[in-house]
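Worksheet: one structure, shown below.
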Amino acid sequence: MRAPSPLSRRTFLGTLTLGGLAATALPGGVASAATPARSSRNWHPVADDVRSELRHTWQSYKRYAWGHDQLLPVSGGYSEFFDKNHPVGLSIVEALGTLYLMGLDDELADGIGWIRDNLDFAGVNADVQVFETNIRMVGGLLSGYLATGEKTLLDNAKKIADILLPCFTTSPTGMPYRLVNPHTGKISGNVNVLAEIGTIIAEFGTLSRLVHDDRYYNAAKKALKAVYDRRSPLDLVGSGIDIETGAWTDTASRIDPPVDSFFEYLWDGWDLFRDSDLKHWYDTLTAAILRHEKERYGGQVWFHKADMATGASLGRETSELTAFYAGLLGQSGHLRDGEAYFDAWTSVLKTYPLLPEGYDYGTGTATDKGNQLRPEYVDSAFNLWLITGKEVYRERAYDYYLTQKRYSRVANGWTIVADVTTTPPKLGDLTSGYWWSEQMKYWYLMFSDCPRFNYRDNYLSTEGDVFKGFIRH
Ligand code: DMJ
């Protein structure tokens with residue numbers, strides 16, 4: 001089988017008009033992708049297996065948890081993510097794009113039917129995070145709309161974004177408050193973290209484009225600028241900030257959570273909307289990270305935390321979630337560092353079968369032994385494969401698929417692992433919402449030659465939601 005000629009998604013050229021915002025297209029960072037290696041193996045059976053695992057878990061979700069936010073596959077129950085008294089079908093929303101790509105059209109129709117008849121996000125009577133609501137609900141619905149053209153999905157995405165928007169517009173700095181109660185409209189949380197301030201523009205910008213209203217894009221961009229403007233003389237940003245006063249509350253600079261996807265969305269805003277301000281901000285902050293935080297340790301490339309004022313190291317404990325950064329570096333023109341950083345994470349798999357949630361690369365030990373069915377390692381494998389076409393990334397992703405399946409598969413689907421260091425592994429009881437939108441999609445796209453996906457021109461959000469690249473039939 002021939003590889004599907006993956007090319008960098010930055011080969012996209014064109015001019016987008018976004019409400020009042022006109023973005024001029026420019027060629028992206030890396031000039032061209034490597035010629036993809038011819039694969040010596042037939043990956044299609046692996047794609048079929050991924051699809052069948054997702055379908056099987058969907059059937060369990062239907063049986064035990066339909067309309068609830070998340071399946072508990074071990075106990076055969078459910079849990080809610082936002083409000084314990086008010087489900088919003090989170091797993092359905094997160095699965096929409098993946099179901100479309102996999103051609104699971106009956107399941108997709110069922111999911112859309114549930115959303116049309118039942119979704120009422122304004123009924124949530126709890127303080128919800130703007131960030132989680134945006135990447136999971138707004139993003140999932142927008143992606144579903146782009147896949148299917150079902151108007152109810154766009155209408156619901158807009159309704160939810162309208163609940164979030166006052167968190168930005170009432171803020172004295174433009175950085176959003178962290179929480180909102182959708183039922184009462186009460187806003188709270190003046191201390192926020194960078195990932196939650198800055199992981200907005202892909203969804204809000206896509207919404208702006210679709211509804212021809214640039215308020216969403218402008219609010220998201222203003223929040224990013226407010227952080228960028230408060231960078232230190234070293235061009236480093238901290239982790240937490242008071243969004244009312246603009247004073248830093250946590251001055252540790254890191255690519256780890258709770259900052260991680262802040263950097264991702266600076267690049268993604270450029271990637272999607274060709275807004276050169278965002279690229280400039282991304283390039284400036286990334287140059288400082290590479291200068292002050294990148295280190296070679298134990299023969300691998302890693303990133304330590306640093307004081308934003310002095311650049312002094314604050315330690316080598318890192319998070320599995322940060323494995324996504326390898327793909328981001330590759331996408332943004334730092335391919336050698338990205339590939340080396342991916343290798344660092346691969347080296348952890350010599351010690352642990354699956355990546356633990358927390359890891360100290362200084363001591364080579366897990367600091368949190370759980371595995372919440374995380375997608376980040378596969379996310380980077382997918383992106384590096386798209387960029388380079390190198391078969392090694394499919395091999396790595398396949399190895400991880402086999403191991404995660406061996407550990408996480410239970411009778412009713414896939415579950416989180418409570419401890420990756422015990423034999424047999426201790427299991428938890430949850431199919432995380434992002435499992436539906438992220439790694440199952442990455443694995444499927446890598447192995448399927450999916451006819452519903454444009455491998456040459458695409459965009460996937462931090463939650464794996466496709467905002468560009470669906471091929472509609
Ligand atoms: C996902 O919700 C998103 O990828 C987010 O940016 C952080 N990580 C989780 C999954 O681990």
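This one's a predicted model, so the numbers in the text were calculated from it and none came from an experiment. Counting convention: from 1, in listed order, for ligands and their atoms alike.
- The aromatic rings of W345 and W302 sit perpendicular, their planes meeting at an angle over 60°, well past the 30° parallel limit.
- Take R55 and apply the salt bridge (Lys or Arg N to Asp or Glu O under 4.0 Å) test, not counting sequence neighbours, and it matches E107.
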Could you go through ligand 1 and note, for every N or O atom, any protein N or O atom closer than 3.5 angstrom, writing the atom names and distance to 0.1 Å, or 'none'?
unit_1   : atom_1 : unit_2 : atom_2 : d
ligand 1 : 2 (O)  : E463   : OE1    : 2.6
ligand 1 : 4 (O)  : E438   : OE2    : 2.8
ligand 1 : 4 (O)  : T462   : O      : 2.8
ligand 1 : 6 (O)  : T462   : OG1    : 2.7
ligand 1 : 8 (N)  : E376   : OE2    : 3.0
ligand 1 : 11 (O) : R374   : NH1    : 2.7
ligand 1 : 11 (O) : E376   : OE2    : 2.6

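- Qualifying salt bridge (Lys or Arg N to Asp or Glu O under 4.0 Å) partners for K294, counting only residues two or more places apart in sequence or in other chains: D337.
- Evaluation of the salt bridge (charged side-chain N to carboxylate O under 4.0 Å, His left out) test over residues 124-135, restricted to residues two or more places apart or in two chains, returns D127-K186, E132-R136.
- For the ring-ring contact (aromatic ring centres under 6.0 Å, His included) with Y377, the qualifying choice from F324, F342, Y325 is F342, the only one to do so.
- With Y100 as the aromatic partner, R452 meets the cation-pi criteria of under 6.0 angstrom to the ring centre and within 45 degrees of the ring axis.
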